[in-house]
Amino acid sequence: MGHFLIGLLVVVLSIGNVIEEANGEIPRTVLSEIEWINKRGPFLGIVAPNNYELNPLLDSQAYAPYHRLPSIEFAGRKFRFGSILNHRVVIVMSGLGMVNAAVSTQLLVSLFRLRGVLHYGIAGNADVNLQIGDVTIPRYWAHSGLWNWQRYGAGIDNELALEGGGDYTREIGYLEFAKYTNGSDNLLNRIWYQPEEIFPVTGTPEVREHAFWIPADQYFLDLASQLENTKLPQCVNTTCLPRPPKVTIVDNGVSASVFVDNAAYRTFLRSKFNATAVEMESAAVALISHQQNLPFIVIRALSDLAGGGSEISNEADIFGSLAAVNSVDVLVKFVGLLPPYRGSKVQSE
């Protein structure tokens with residue numbers, strides 16, 4: 001009878017854990033691991049977009065995983081713990097797109113004690129003066145995929161739907177479509193770019209603010225400027241870039257859950273927003289970090305000229321792996337510039 005009761009108890013507890021996970025709650029075993037690892041924090045939170053960019057970091061000699069607790073799996077994510085150049089880090093892979101990046105970053109900052117967020121990877125390039133393999137560090141990030149699609153027949157002087165109540169604005173600007181039908185009218189009219197509604201932890205809950213350009217942490221940017229003379233690999237096997245890649249601080253990067261392989265839209269993003277890096281995750285990482293009042297920086301290596309047209313043949317097909325490695329190299333060097341942790345968040349003093 002005693003063995004039966006013990007077995008029944010094990011079954012009940014197991015069902016409880018399954019229910020917890022099914023409801024999205026944190027299982028007790030995972031919660032205890034989170035509490036244990038947070039006592040070893042705070043950490044630098046590192047967000048990688050996918051395995052293509054994650055694996056070079058995990059394979060780097062600079063990264064040393066914690067042997068006692070190398071990772072925690074929760075909510076479809078794997079959080080890895082270790083150190084880079086004596087700085088404690090927790091690393092998560094987000095997956096493709098803005099939603100995955102936002103969910104992963106929010107989990108990262110909510111579950112673990114962090115002193116800053118670092119995001120890295122590859123990106124499309126909108127600046128013809130830069131080259132594949134160059135590593136960009138934008139000062140500002142924006143989500144370029146939040147639109148108000150204007151009604152057919154309305155002009156630029158006409159108020160947008162719900163603009164009067166403060167939900168939308170015409171301040172940022174628009175993209176007008178060419179004629180969509182064989183007739184004379186442009187049925188698609190134009191889209192107006194919109195700022196995000198944000199709810200910072202420093203504000204009042206449920207009282208929205210609006211933000212389009214999100215600034216990277218100035219202290220991080222000042223440190224990163226020391227990397228502008230970094231020497232980076234130039235060749236993949238026997239195929240080499242025309243010049244060695246460089247690290248450069250640029251004005252702006254833009255993100256949306258859209259893969260930009262169109263030269264005309266690339267040119268528009270450059271002329272309208274002065275964008276250099278064009279990709280699908282960084283603005284989400286920036287928006288979450290900003291709302292959670294955590295310093296962040298994004299390091300993106302250029303893998304191709306978005307939409308084509310580069311004189312370098314095959315572009316990302318040949319040099320994508322080089323760009324991924326370059327982004328990791330610069331990330332590691334940036335971590336090496338950070339001062340030892342002394343009891344406060346890493347940010348401008």
Side-chain angles (χ1 to χ4, degrees), residues 26 30-49 53-54 57-58 62-66 68-95 100-121 137 141 198-203 214-224 281-299 327-328 330-349:
I26 304 177
V30 173
L31 186 59
S32 65
E33 290 177 334
I34 292 172
E35 291 173 345
W36 183 87
I37 199 69
N38 277 334
K39 292 176 182 177
R40 277 78 187 161
F43 298 86
L44 293 170
I46 298 178
V47 183
E53 293 129 321
L54 174 66
L57 177 59
L58 299 181
Y63 174 66
Y66 285 170
R68 181 171 175 181
L69 184 60
S71 65
I72 292 175
E73 295 182 11
F74 174 68
R77 269 71 182 178
K78 187 172 186 176
F79 301 91
R80 293 174 168 87
F81 308 100
S83 63
I84 296 176
L85 304 179
N86 295 318
H87 288 273
R88 290 165 287 191
V89 299
V90 51
I91 304 169
V92 64
M93 189 195 80
S94 66
N100 276 325
V103 169
S104 299
T105 307
Q106 186 63 64
L107 285 170
L108 179 69
V109 304
S110 296
L111 295 176
F112 304 105
R113 290 179 59 211
L114 301 184
R115 58 191 185 108
V117 176
L118 315 179
H119 181 47
Y120 76 98
I137 303 175
W141 282 92
I198 63 172
F199 299 87
V201 295
T202 54
I214 304 298
D217 183 72
Q218 188 58 53
Y219 175 64
F220 280 176
L221 288 172
D222 290 342
L223 281 181
E281 296 87 22
S282 296
V285 177
L287 281 158
I288 297 299
S289 301
H290 176 73
Q291 292 182 83
Q292 298 299 314
N293 197 32
L294 277 168
F296 78 92
I297 195 168
V298 176
I299 296 167
S327 70
V328 171
V330 174
L331 171 74
V332 169
K333 287 180 170 61
F334 174 79
V335 172
L337 293 175
L338 291 169
Y341 173 68
R342 300 196 185 282
S344 63
K345 289 184 295 185
V346 175
Q347 59 184 4
S348 304
E349 298 284 276

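The minimum heavy-atom distance linking V285 with A101 is given by the pair CG2-CB, 4.3 Å. Closest of all the heavy-atom pairs between S289 and T105 is OG-CG2, 4.3 Å. In this structure, I137 and A224 approach most closely via the heavy-atom pair CD1-CB, 3.7 Å. Heavy atoms only, all atoms of each residue included: A284 and A102 are closest at CB-N, 3.8 Å. Pairing each heavy atom of L114 with each of P42, the nearest pair is C-CB, 4.1 Å. Across Y66 and S83, no two heavy atoms sit closer than the pair CE2-N, 4.4 Å.
Remark: the backbone N or O of V92 is not paired with any side-chain donor or acceptor of R77 at under 3.5 angstrom. Between the H119 side chain and the V298 main chain, no donor and acceptor come within less than 3.5 Å of each other. The backbone N or O of E53 sits less than 3.5 Å from a side-chain atom of Y120, completing a donor-acceptor pair.
Within the 4.5 Å cutoff, side-chain heavy atoms of R80 are placed close to those of Y63. Side-chain atoms of L85 and L338, non-hydrogen and from C-beta on, never get closer than 4.5 Å to each other. Looking at I26 and L111, their side chains come closer than 4.5 Å, going by heavy atoms from C-beta outward. Considering only heavy atoms from C-beta on, H87 comes within 4.5 Å of R115 through its side chain. Taking 4.5 Å as the limit, some side-chain heavy atom of F79 sits within range of a side-chain heavy atom of L107. Residues Q106 and Q292 have side chains in contact (heavy-atom distance under 4.5 Å, counting atoms from C-beta outward). Put simply, the side chain of L118 does not reach to within 4.5 Å of the side chain of I299, judged on heavy atoms. Between I72 and V90 the shortest side-chain heavy-atom distance does not fall below 4.5 Å.
Atom-to-atom distance recorded for L331:CG and S327:OG is 7.5 Å, nearest 0.5 angstrom. Between the CD1 atom of I37 and the OG atom of S32 there is a distance of 11.5 Å, given to the nearest 0.5 Å. Between the CE atom of M93 and the CG atom of L54 there is a distance of 7.0 Å, given to the nearest 0.5 Å. With rounding to the nearest 0.5 angstrom, the CG atom of D222 is 11.5 Å from the CG atom of L337. If you take CG on L57 and CD1 on I91, they are separated by 4.5 Å, rounding to the nearest 0.5 Å. Remark: I297 CD1 to L44 CG distance equals 11.5 Å, nearest 0.5 Å.
Around CG of N86, the count of heavy atoms belonging to other residues, nucleotides or ligands within 6.0 Å does not exceed 12.
Within the 6.0 Å centre-distance limit, the rings of F112 and F81 are counted as a close aromatic pair.
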